[in-house]
Number of protein chains: 2
Amino acid sequence: MPRRPSKAELEFLRTYNADEFPHPSVSVDVALLTARGDALEVFLVRRTEHPYKNDWSLPGGFVQLEESLEDAAARLLEAKTGLREVFLEQLYTFGAVGRDPRTRVISVAYYALVPLEQLAKLTVSDARGLMPVTEALQTALAFDHNAILERTLDRLRGRVEYSPIGFELLPTQFTLRELQTLHETILGKKLNKDAFRRKILARGQLEATGELEVGMGFRPAEYYRHARSGKAG
Amino acid sequence: MPRRPSKAELEFLRTYNADEFPHPSVSVDVALLTARGDALEVFLVRRTEHPYKNDWSLPGGFVQLEESLEDAAARLLEAKTGLREVFLEQLYTFGAVGRDPRTRVISVAYYALVPLEQLAKLTVSDARGLMPVTEALQTALAFDHNAILERTLDRLRGRVEYSPIGFELLPTQFTLRELQTLHETILGKKLNKDAFRRKILARGQLEATGELEVGMGFRPAEYYRHARSGKAG
DNA sequence: CAAATAGTGTCTGTTAGACACTATCAC
DNA sequence: GTGATAGTGTCTAACAGACACTATTTG
């Protein structure tokens with residue numbers, strides 16, 4: 001965006017009135033997912049105000065004038081969960097006219113992925129906490145948040161086909177069995193052990209740590225980690 | 001969104017003031033692509049007002065209170081091109097703080113695909129018309145429209161891997177060679193003729209028309225059409 | 001030892017690339 | 001006939017699924 005404002009343009013900007021006509025408002029909603037065992041869970045907040053008072057909702061809020069959309073999503077996520085620097089990606093923008101009964105609100109939805117261990121310090125209460133995704137989908141969430149959650153899972157299914165994105169939801173170190181089980185949960189189908197192992201390793205994104213599971217009652221698997229997690233040796 | 005407004009909620013909504021604090025504005029920008037020969041072209045409009053006066057831009061405009069995002073995109077597209085019922089899909093939402101020098105404007109970008117023949121009636125002038133995509137990318141477009149165009153091409157490349165989406169850009173009937181050439185243009189690489197033919201036909205989305213090219217100077221190819229174009233054959 | 005899973009080797013079916021070949025038009 | 005492309009058949013390489021087998025732990 002190379003700007004070279006002319007005199008006429010500067011005058012135009014000086015007299016520009018942004019509020020000549022009513023605008024839709026813009027909010028950001030974040031679907032934060034994690035994995036507990038082999039189940040996906042989503043972070044929900046119980047609404048304390050109308051509309052949808054007392055219903056579960058995705059954490060969200062209005063975009064401020066001086067922050068980008070991604071900054072807004074990160075800000076909201078930190079405010080509600082204390083998390084910083086998690087995987088965060090824009091999902092879709094929901095703009096149906098009646099999606100918010102207060103006024104016209106357009107919501108830019110993001111989704112975030114985080115290992116459960118990072119949520120350990122999270123204060124869970126009746127007002128906020130993790131709910132299994134399968135349960136959340138059967139719950140009437142506030143606004144169109146069921147649709148946002150469904151689209152998040154669609155996106156996750158698509159991503160999983162091309163990259164072992166599951167590690168975003170797992171601890172730093174994990175066995176291939178754990179990763180496979182997670183992928184099976186996301187995709188909703190069983191995967192072939194041999195093929196999964198070969199495909200995942202062939203991508204070269206995972207590296208063996210040399211460490212083994214302990215106390216499993218059977219042959220321990222080796223721990224792997226994502227190659228980009230650049231912890232030396 | 002099953003609503004069951006309580007008395008308290010109705011009172012809340014009655015007194016809700018949507019304009020308590022300044023909002024970002026929301027616009028929609030549309031990247032309309034078509035194919036001329038084996039080159040992609042994009043529809044651009046020359047801006048008549050500040051900012052970026054006289055620069056080329058994607059057609060766009062503000063979202064009205066009572067229309068959905070997709071409705072807004074379709075409305076704008078029809079207003080600037082006269083086109084209706086074209087392929088239209090949400091691309092991404094651009095919300096950097098400084099992307100519009102007037103005020104904070106968040107743009108929900110859409111992209112549209114249309115055969116060149118449907119643009120035949122389009123009034124082309126110094127102020128609006130088609131520009132080859134390669135040229136547009138080297139031109140300084142208004143706002144962040146270069147980024148929108150680049151992301152559109154990324155999306156198109158991704159789509160082409162999974163469906164013969166090229167027919168959205170071609171006339172109703174087309175030969176497999178035309179479709180292949182278009183895919184090669186989009187992907188920027190040569191494709192194998194035999195493999196392309198098998199892969200595309202195996203998807204079962206194209207049907208042969210029985211009609212042949214004429215006057216090609218070589219063996220004429222058969223015309224195909226997309227199976228969903230339900231012209232009784 | 002048994003039980004259970006880790007990890008590897010191999011066969012098979014599918015698919016894309018490569019190549020060769022025949023078919024059909026304009027000239 | 002020549003030149004050019006359409007369209008098909010077949011071989012091959014890559015790869016995923018399936019299965020079998022060995023390896024390694026706990027108890």
Side-chain angles (χ1 to χ4, degrees), chain A residues 37-38 157-167 170-171 173-227, chain B residues 37-38 157-167 170-171 173-227:
Chain A
D38 53 1
R157 277 187 282 270
R159 282 279 182 279
V160 144
E161 304 274 0
Y162 304 107
S163 87
I165 201 171
F167 54 73
L170 292 173
Q173 294 197 152
F174 48 87
T175 66
L176 293 183
R177 170 176 41 78
E178 290 169 333
L179 185 62
Q180 180 178 345
T181 304
L182 178 58
H183 278 221
E184 289 172 344
T185 299
I186 292 171
L187 295 172
K189 65 178 181 186
K190 283 288 176 187
L191 297 174
N192 183 276
K193 181 181 72 165
D194 327 357
F196 180 80
R197 164 178 295 269
R198 273 178 307 194
K199 182 165 61 173
I200 290 288
L201 293 181
R203 289 199 186 117
Q205 297 180 46
L206 299 186
E207 59 188 22
T209 65
E211 295 177 46
L212 300 178
E213 286 181 307
V214 288
M216 280 291 105
F218 45 77
R219 175 174 173 180
E222 185 168 6
Y223 281 117
Y224 285 77
R225 65 164 163 251
H226 189 232
Chain B
D38 53 2
R157 277 187 282 269
R159 282 280 182 278
V160 144
E161 304 272 359
Y162 304 108
S163 87
I165 200 170
F167 54 73
L170 292 173
Q173 296 197 149
F174 48 87
T175 67
L176 293 184
R177 170 178 38 80
E178 290 170 332
L179 185 62
Q180 179 179 345
T181 303
L182 178 58
H183 278 220
E184 288 172 344
T185 298
I186 292 171
L187 294 172
K189 66 179 180 185
K190 283 289 177 188
L191 298 174
N192 183 276
K193 181 181 73 164
D194 328 359
F196 180 81
R197 165 179 294 269
R198 274 177 309 194
K199 182 165 62 174
I200 290 288
L201 293 181
R203 289 198 185 120
Q205 297 180 47
L206 299 187
E207 57 188 24
T209 64
E211 296 177 49
L212 299 178
E213 286 181 305
V214 288
M216 280 291 105
F218 45 77
R219 176 176 172 178
E222 185 169 6
Y223 281 117
Y224 285 76
R225 66 164 161 251
H226 189 231

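So that the names make sense, note that chain A is the first sequence line, chain B the second, and so on, each numbered from 1.
Residues satisfying the ring-ring contact (aromatic ring centres under 6.0 Å, His included) criterion with B:Tyr223, sequence neighbours excluded, are absent altogether. Among residues two or more places apart in sequence or in another chain, the salt bridge (Lys or Arg N to Asp or Glu O under 4.0 Å) test is passed with A:Arg157 by A:Asp154. With sequence neighbours left out, A:Glu213 forms a side chain to side chain donor-acceptor pair (under 3.5 Å) with A:Arg177. For the side chain to side chain donor-acceptor pair (under 3.5 Å) test, no residue two or more places apart in sequence or in another chain qualifies with A:Gln205. Taking the salt bridge (Lys or Arg N to Asp or Glu O under 4.0 Å) definition, one finds that A:Arg197 meets it with nothing, sequence neighbours left out.
Residues A:Val214 and A:Phe196 both approach DNA chain D. Their nearest nucleotides, taken by heavy-atom distance, put A:Phe196 toward the 5′ side.
Rounded to whole angstrom, the span from the CE atom of B:Met216 across to the C1' atom of D:dG3 amounts to 15 Å. Between A:Leu191 atom CG and D:dA18 atom P the separation is 10 Å, expressed in whole Å. Rounded to an integer number of Å, the gap from NZ of B:Lys199 to P of C:dA18 is 12 Å. Rounded to an integer number of Å, the gap from A:Gln180 CD to C:dT5 P is 12 Å. The NZ-C1' distance, from A:Lys189 to D:dA16, rounds to 11 Å in whole Å. Regarding A:Ile200, its CD1 atom lies at a distance of 15 Å from the P atom of C:dA6, rounded to whole Å.
Between the side chain of A:Glu211 and the main chain of A:Glu222, no donor-acceptor pair closer than 3.5 Å is present.
Between B:Asn192 and the phosphate of C:dA16, there is no side-chain N or O to OP1/OP2 separation shorter than 4.0 Å.
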Would you list the protein and nucleotides 5-8 of chain D atom pairs, both N or O, that sit under 3.5 Å from each other?
residue, atom, partner, partner atom, Å
D:dA6, OP1, B:Arg177, NE, 2.5
D:dA6, N3, B:Arg219, NH1, 2.7
D:dG7, OP1, B:Glu222, N, 2.8
D:dG7, OP2, B:Arg197, NH2, 2.9
D:dG7, N7, B:Lys193, NZ, 2.8

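Under 3.5 Å, the side chain of B:Arg198 and the base of D:dG9 form no donor-acceptor pair of N or O atoms.
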